[in-house]
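For reference, the structure discussed in these notes is given below.
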Amino acid sequence: MPPRIENQRRTESAAVEDYLEQISHLIEEKGYARVVDIAEKLGVSQASVTNMVRRLDASGLVVYEKYRGTVLTEEGRRIGASVRQRHQVLTRLLGHFGLDAATVYADVEGMEHHVSRPTLKVLRILTEELESNPELLTRLKALAAAEREPV
Ligand code: CO
């Protein structure tokens, strides 16, 4: 398939994952996700949120009720939890290297949509190993600092 179409698909699925990720956070915090809160979390308009949430409802990923807020279906919960797990592992790994927090967040928000389960497993094991081996972490940080490009 032409790359352009593939990119559009990827963008679409990344957007769906971002919604499910944030709706999952809101439900954990409040029990439901309101359009206004989703809009704030994602930095988009309430009109865009309403539009997307209706589509997610039609796809069976959320149940949208205008006045009671949105909740996740079983499938929506599964995808939301998976994105959050990818986000968490990537953030934990990168968090050990003294990178700027905003850079880590922006990079993780991109990578979380593309990392496969087998790769995530490797990164999780690597993170756990680094955490149990401070000397290795210190050595890697020193190497990274020595290679840091001038600002
Ligand atoms: Co994320």
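Numbers here simply count residues along the sequence, with the first being 1. We count ligands from 1, going down the list as the structure has it; atoms in each ligand are counted the same way.
- Open room surrounds CD on E129; 12 or fewer heavy atoms of other groups in view lie less than 6.0 Å from it.
- Below the 2.8 Å limit, the Co ion (ligand 1) has as protein N, O or S neighbours E21 OE1, E21 OE2, H87 ND1, E109 OE2, E112 OE1, E112 OE2.
- Tested against E17 for a salt bridge (charged side-chain N to carboxylate O under 4.0 Å, His left out), the candidates R78, R86, R84 yield a single pass: R86.
- In the model, R77 has no side-chain atom that pairs as donor or acceptor with a side-chain atom of S24 under 3.5 Å.
- Note on residues 57-67: pairs passing side chain to side chain donor-acceptor pair (under 3.5 Å), not counting sequence neighbours, are E65-R68.
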Could you list the donor-acceptor pairs under 3.5 angstrom formed by side chains in residues 102-109, with sequence neighbours left out?
from : atom 1 : to   : atom 2 : distance (Å)
T103 : OG1    : D100 : OD2    : 2.9
E109 : OE2    : H87  : ND1    : 2.9

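- The ring-ring contact (aromatic ring centres under 6.0 Å, His included) test applied to Y32 returns no partner, not counting sequence neighbours.
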